[in-house]
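Chain A is the first sequence line, chain B the second, and so forth, proteins listed ahead of strands; every chain is numbered from 1.
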Number of protein chains: 2
Amino acid sequence: MTSKQEFVEKLRNSSLRPTKQRINICEVLFNRDKTFHFTINDLFNLIKDKTGEKVSLATVYNTVHAFHKKGYLKEIPINSNQTYFDTNVTDHHHFFDVKEEKLIDLKNEDVGPIEIQKSIPGKKIKSVEVLVKLED
Amino acid sequence: MTSKQEFVEKLRNSSLRPTKQRINICEVLFNRDKTFHFTINDLFNLIKDKTGEKVSLATVYNTVHAFHKKGYLKEIPINSNQTYFDTNVTDHHHFFDVKEEKLIDLKNEDVGPIEIQKSIPGKKIKSVEVLVKLED
DNA sequence: TTCCTTGTTTATAATTATTCTAAAGAAGAT
DNA sequence: ATCTTCTTTAGAATAATTATAAACAAGGAA
Ligand SMILES: [Mn+2]
Ligand SMILES: [Mn+2]
Ligand SMILES: [Zn+2]
Ligand SMILES: [Zn+2]
């Protein structure tokens, strides 16, 4: 449970002004027990539901991208009509339940170490992500 | 090098009528040495260039999805504004060069076996794909 | 062949996620 | 209080994809 004041400080420390909208978004995103996988639209609706205050869709986009750029959100590579984000920014992998369109965290130890044996001259590895698709 | 007649047979065997458009698309997609990673737009332009004949964008979409459904093309999970497809439908993984926006095949042996230690009741694993993002 | 049915192509419109624009508002500094 | 810079917002623009429906082509039967 992070207090409103803590969000204000974290935003300031990231040179993001602590606006009412951003604080509401923080509460929805980060005041929860488990990691949260969401689309912009999910988040847009949850803000209204959980805080009672409406934030414009444009602001949700702006804020999510600001947080993403600061490293507070991770984008999950999936083929979907919508982009998925994740509050768990540590290195980890995912199940994707194709029918339910839902992501489930896979811990690194659920997958085991992955050693990439090939390299491309002039390029270095930025991330290694495993996506496990699930069906019934 | 697959002949036009072979494409005709393969299409018929898949209960897809061998139209001029589909045969042209087959030539562009499957008459090549290496595996081919592409977007619909890439393919649309290549058809004009390589066959001299124009195929409507709608038909490119229709055909790619038909081939995808039949298992002749694979969709690659990536976050991009466009969907990427792959003529290599075997189980394999990818590098994604973020700057160049290009995919590079990773053989299974370049990655090593991946054993998923977690399971979800009622669901089974459909695919396991690794995406390795590259930066400079 | 000719006729008929069904599948396919196509131009075009519709849809939809995302980004852009520009004006109004809020935050922080002086 | 004033000024500057950042942020929010409604609405427009963009762009990938999908839907529509009419023209067309393939294949089978007669
Ligand atoms: Mn996750
Ligand atoms: Mn490939
Ligand atoms: Zn982002
Ligand atoms: Zn498809």
Respond yes when some side-chain nitrogen or oxygen of B:T19 is under 4.0 Å from OP1 or OP2 of D:dA26, and no when none is.
no
Give one of base, sugar-phosphate or nothing for A:T39, where a contact means two heavy atoms less than 4.0 Å apart.
nothing
Presence of B:K20 side-chain N/O under 4.0 Å of C:dT10 phosphate oxygens OP1/OP2:
no
Roughly, in whole Å, what's the span from CD in A:Q82 to P in D:dA16?
18 Å
For D:dT8, does either OP1 or OP2 sit under 4.0 Å from a side-chain N or O belonging to A:R22?
yes
State, without any angle test, whether B:D105 and B:H92 hold a side-chain donor-acceptor pair at a distance under 3.5 Å.
yes
When rounded to whole Å, the CD to C1' distance for the pair A:E75 and C:dT18 reads 12 Å
Length of the line joining B:L57:CG and D:dA19:C1', which is rounded to integer Å:
13 Å
Between B:T35 and B:D86, a side-chain donor and acceptor under 3.5 Å:
yes
Phosphate-side-chain proximity, B:Q21 and C:dT10, N/O vs OP1/OP2 below 4.0 Å:
yes
From CZ of B:F38 across to C1' of D:dA16 the rounded distance in Å is 15 Å
Checking D:dG27, C:dT18, C:dG28 against the side chain of B:R12 (C-beta onward), the nearest is D:dG27
Quick check for you: among D:dT8, D:dG27, C:dT8, whose closest atom lies nearest to any side-chain atom of B:L16?
C:dT8
Could you check which of D:dA10, C:dT18, C:dA11 has an atom nearest any side-chain atom of A:S56?
D:dA10
Atom pair distance, as rounded to whole Å: NE2 in B:H68 and C1' in D:dT17:
15 Å
Side-chain ion pair, A:K99 and A:E135, N-O less than 4.0 Å:
no
Under 4.0 angstrom between A:Y61 side-chain N/O and C:dT18 OP1 or OP2
yes
When rounded to the nearest 0.5 angstrom, what is the spacing between OG1 in A:T51 and CD1 in A:I23?
11.5 Å
Nearest 0.5 Å please: distance from the CD atom of A:E100 over to the CG atom of A:L103.
12.0 Å
Using whole Å, report how far CZ of A:F44 lies from C1' of C:dT19.
16 Å
Using a heavy-atom cut-off of 4.0 Å across all strands, would you classify A:T59 as base, sugar-phosphate, or nothing?
base
Report yes or no: is there a donor-acceptor pair, N or O only, under 3.5 Å between the side chain of B:R17 and the base of C:dT6?
yes
Quick check for you: among D:dA10, C:dA11, C:dA27, whose closest atom lies nearest to any side-chain atom of B:A58?
C:dA11
With respect to the phosphate group of D:dT18, does any side-chain polar atom (N or O) of B:H65 fall under 4.0 Å of OP1 or OP2?
yes
Phosphate oxygens OP1/OP2 of C:dT18: is one of them under 4.0 Å from a side-chain N or O of A:T83?
yes
Heavy atoms only, 4.0 Å cut-off, all strands: where does A:N62 land among base, sugar-phosphate and nothing?
base
